[in-house]
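Read the structure below first, then the notes.
Residue numbers count from 1 along this sequence. Every number for a ligand or one of its atoms is a count from 1 in the order of the listing.
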Amino acid sequence: MSADLKTTEYWTALARSLRPDTGLFIDGAFVDAADGRRFETINPADDSVLATVARGGAIDIDRAVASARRAFRTAPWARIAPRARMAVLYRFADLIEAHAEAFAVLDAQDMGKPIAEMLTIDVPGSLACFRFMAEAADKITGMTTATGEDALHYILRQPLGVVGCIVPWNYPLMMAAWKIAPALAAGNAVVLKPAEQSPLSALLLGRLFVEAGGPPGILNVVPGYGEEAGQALARHMDVDKIAFTGSGEVGGLMMVYAGQSNLKHVSTECGGKSPHVIMADVEDLEAAVNTAVAGIYGNQGEVCSAGSRILVERAILGDVVEAFTARTRATVRIGNPLDPATTLGPLVTRSHQKRVLSYIDIGRDEGARLAFGGAVPAGHNSGAWVEPTLFADVGNGMRIAREEIFGPVGAVIGFDGPDEALRIANDTVYGLAAGVWTRDLGKAHRFAAGVECGMVWVNGYMNGDMTQPWGGWKQTGNGRDKCFDAIVAHTQTKSVWVTLG
Ligand code: NAD
């Protein structure tokens with residue numbers, strides 16, 4: 001899909017004309033919450049109310065799970081030829097593509113992401129995921145094993161049943177795609193709980209799935225708060241798996257809830273504090289710096305894999321901070337998310353803005369040097385805005401180097417030599433991603449082998465496609481999105497031992 005970025009006027013007119021779905025999507029239809037409650041979803045660019053949405057609670061989760069279980073048992077979804085399931089998922093992807101502009105506007109307004117990012121990253125990335133998982137549907141295989149001649153033993157690989165998908169707000173459409181596409185392709189029924197900050201695109205997904213020929217009940221979408229709808233889903237006795245993306249704190253709760261309920265499978269994709277390492281022997285310093293700028297300010301820094309710790313070899317430290325500052329000034333453009341020229345929108349909510357600004361205070365108090373930024377941008381008092389910010393002279397022991405800020409705040413940390421780079425890179429509880437820039441292949445491979453995380457980029461950052469297992473080590477969690485493993489993780493084996501007469 002090639003993106004036509006169009007004009008602010010075009011997107012503003014489209015935003016005005018959209019009438020987003022705001023019910024709970026259960027059993028193939030939009031319904032109110034059982035107790036009739038609703039909540040507001042706010043446009044963080046100007047604090048206006050974007051929509052009021054049905055607020056799912058425990059009773060609604062019961063309804064959605066019952067619908068999913070019924071559909072799993074009675075609709076042919078799990079038992080039809082996988083190519084028939086594939087055909088529905090391809091039609092689903094085609095419908096998402098046909099509604100690409102609506103998805104782009106919904107998420108841009110719901111969480112503040114620039115429309116250009118929606119059109120060039122989120123929408124194409126989500127389509128790639130649906131199509132990859134659709135194509136994978138008939139590639140799931142069982143096996144036979146070696147036995148004596150008096151037996152035949154084969155292993156079936158079958159869907160788990162009902163999968164609860166709980167997703168965050170930073171890539172509303174794409175995180176939903178990464179969770180529901182493999183679950184559906186493997187033949188499961190799904191209950192999706194979008195983040196309360198960004199429920200609208202998920203509801204459109206629900207509607208389009210049924211329009212594509214998906215059986216009612218196979219994909220249910222229940223917006224609501226984490227401690228209400230989310231907890232009810234994760235504790236539910238009839239849910240077979242929770243596929244979770246979000247904070248480490250809530251990821252930990254998923255495991256507790258599973259232990260306190262029915263021992264359901266749990267996959268977790270949580271936070272990061274990823275090191276982006278620039279060695280002094282880097283071949284193309286300009287490319288490294290430009291990539292580091294994009295690696296921390298893309299999506300307002302609200303990215304699990306953001307290169308938030310920028311590790312720079314001391315011999316080039318001054319040059320990098322200078323070039324980084326110049327590149328940010330030249331290319332980062334704060335503004336209306338519906339303006340195609342905007343590269344930095346508001347943060348997702350006022351409370352998140354407060355949290356990010358408090359980390360900037362912490363950085364100052366800890367003695368880091370503020371290279372630029374650090375405030376609410378001038379003229380942006382309504383909405384949840386924070387300037388792109390860079391701290392230099394950061395020690396890896398400081399809280400701004402240890403805790404996930406999840407905003408446009410980079411921390412530059414100096415090092416001497418590859419051993420120290422690796423030691424600092426690994427001195428974190430997280431383990432999602434790392435990048436390293438060097439012309440020395442030996443150094444690059446040794447770093448890649450030694451760094452404790454799930455994804456490493458050499459002379460690049462955030463590159464990848466659907467073949468890449470996306471997920472982390474350590475407290476980033478145990479899940480893997482994208483890749484073929486993601487579909488296999490939504491199946492279970494069944495051993496069939498046949499005694500031959
Ligand atoms: P969050 O943990 O606050 O919320 C995530 C989801 O969990 C939301 O739908 C929320 O409603 C729900 N939730 C909250 N409390 C719950 C509870 N008690 N029981 C059940 N559900 C509950 O995270 P967030 O602020 O929405 O997202 C930001 C986090 O997500 C960051 O830490 C980021 O790194 C992480 N993230 C990770 C990846 C990855 O691939 N590793 C990708 C994107 C985001």
The test is side-chain contact (heavy atoms from CB on, under 4.5 Å); show your working for Val409 and Leu390 and say whether it passes. CA-CA 6 Å; Val409 183; Leu390 188 72; over 6 Å; no

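- Within 6.0 Å of the CD atom in Gln475, the count of heavy atoms belonging to other residues, nucleotides or ligands does not exceed 12.
- Distances below 4.0 Å separate heavy atoms of Met254 from the following atoms of ligand 1: 19 (N), 20 (C), 21 (N).
- The one candidate from Ile242, Leu253, Thr476, Asn478 that meets the side-chain contact (heavy atoms from CB on, under 4.5 Å) condition with Thr268 is Asn478.
- The side-chain heavy atoms of Leu203 and Phe30, taken from C-beta on, include a pair separated by under 4.5 Å.
- Applying the ring-ring contact (aromatic ring centres under 6.0 Å, His included) test to every pair with at least one member in residues 233-275, sequence neighbours left out, gives no pairs at all.
- Near Trp470, meaning under 4.0 Å from one of its heavy atoms, ligand 1 places the atoms 39 (C), 40 (O).
- Using a 4.0 Å cut-off between charged side-chain N and carboxylate O, Arg402 and Asp427 make a salt bridge.
- Remark: minimum distance from atom 25 (O) of ligand 1 to any protein heavy atom is reached at Trp169 NE1, 3.0 Å.
- A salt bridge links Glu228 to Arg37: at least one charged side-chain nitrogen sits closer than 4.0 Å to a carboxylate oxygen.
- Short contacts between ligand 1 and Leu253, defined as distances under 4.0 Å to a heavy atom of the residue, involve ligand atoms 18 (N).
- For atom 35 (C) of ligand 1, the nearest non-hydrogen atom of the protein is Gly246 O, 3.2 Å.
- Distances between N or O atoms of Cys304 and those of ligand 1 include no value under 3.5 Å.
- A heavy-atom separation below 4.0 Å is not found between Trp178 and ligand 1.
- Less than 4.0 angstrom separates some heavy atom of Asn170 from each of these atoms of ligand 1: 43 (C), 44 (C).
- Between Trp169 and Glu196 there is no side-chain heavy-atom pair separated by less than 4.5 Å.
- Near Gly271, meaning under 4.0 Å from one of its heavy atoms, ligand 1 places the atoms 32 (O), 34 (O).
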The test is side-chain contact (heavy atoms from CB on, under 4.5 Å); show your working for Trp437 and Val458 and say whether it passes. CA-CA 6 Å; Trp437 293 79; Val458 176; over 6 Å; no

Between Ser198 and Asp110, does the side chain to side chain donor-acceptor pair (under 3.5 Å) criterion hold? Intermediate values first, please. CA-CA 5 Å; Ser198 57; Asp110 223 359; 5.2 Å; no

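- In this structure, Cys270 is part of the shell of residues with a heavy atom less than 4.0 angstrom from ligand 1.
- Ion pairing between a basic and an acidic side chain is recognised when a charged N comes within 4.0 Å of a carboxylate O; Asp35 and Arg55 show no such pairing.
- The nearest protein atom to atom 27 (O) of ligand 1, hydrogens excluded, is given as Pro168 CB, 3.2 Å; this is a heavy-atom distance.
- Sorted by first and then second residue, the pairs that involve residues 449-468 and meet ring-ring contact (aromatic ring centres under 6.0 Å, His included), not counting sequence neighbours, are His276-Tyr461, Trp457-Tyr461.
- Atom 8 (C) of ligand 1 has Val167 O, 3.3 Å as its closest protein atom, hydrogens excluded (heavy atom only).
- At under 3.5 Å, a nitrogen or oxygen of Tyr257, whether backbone or side chain, sits near a nitrogen or oxygen of ligand 1.
- Ranking protein heavy atoms by distance to atom 12 (C) of ligand 1, first place goes to Ile166 CG2, 3.7 Å.
- With a 4.0 Å heavy-atom cut-off, ligand 1 is reached by the side chain of Glu404 but not by its N, CA, C or O.
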Please step through side-chain contact (heavy atoms from CB on, under 4.5 Å) for the pair Glu269 and Cys304, ending with a clear verdict. CA-CA 9 Å; Glu269 296 266 6; Cys304 52; over 6 Å; no

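- At least one heavy atom of Phe244 sits closer than 4.0 Å to an atom of ligand 1.
- Heavy atoms of Phe406 found under 4.0 angstrom from ligand 1 belong exclusively to the side chain.
- Distance screen at 4.0 Å: atom 15 (N) of ligand 1 has a protein heavy-atom neighbour inside the cut-off.
- Of all atoms in ligand 1, listed by their number and element, those nearer than 4.0 Å to a heavy atom of Glu196 are 10 (C), 11 (O).
- Between Glu97 and Arg131 there is a salt bridge, since a side-chain N of the basic residue sits under 4.0 Å from a carboxylate O of the acidic one.
- One finds no salt bridge joining Arg399 and Asp365 here, because no Lys/Arg side-chain nitrogen approaches an Asp/Glu carboxylate oxygen to under 4.0 Å.
- The protein heavy-atom contact nearest to atom 23 (O) of ligand 1 is Ser247 N, 3.3 Å.
- Note: an N/O pair closer than 3.5 Å links Lys193 and ligand 1 by distance alone.
- By the 4.5 Å heavy-atom criterion applied to side chains, His490 and Val163 are counted as neighbours.
- For ligand 1, the atoms sitting less than 4.0 Å from at least one non-hydrogen atom of Gly230 are 19 (N), 20 (C), 21 (N), numbered in the order shown with element in parentheses.
- When only interatomic distances are considered, the shortest N/O to N/O separation between Tyr225 and ligand 1 does not fall below 3.5 Å.
- At a heavy-atom distance under 4.0 Å, no atom of Ala234 approaches ligand 1.
- Looking from atom 13 (N) of ligand 1 to the surrounding protein, the closest heavy atom is Gly226 CA, 3.4 Å.
- Residue contacts with ligand 1, taken as heavy atom pairs separated by less than 4.0 Å, involve Val250 solely via side-chain atoms from C-beta onward.
- Using a 4.0 Å cut-off to heavy atoms of Met175, the atoms of ligand 1 that qualify are 42 (C), 43 (C).
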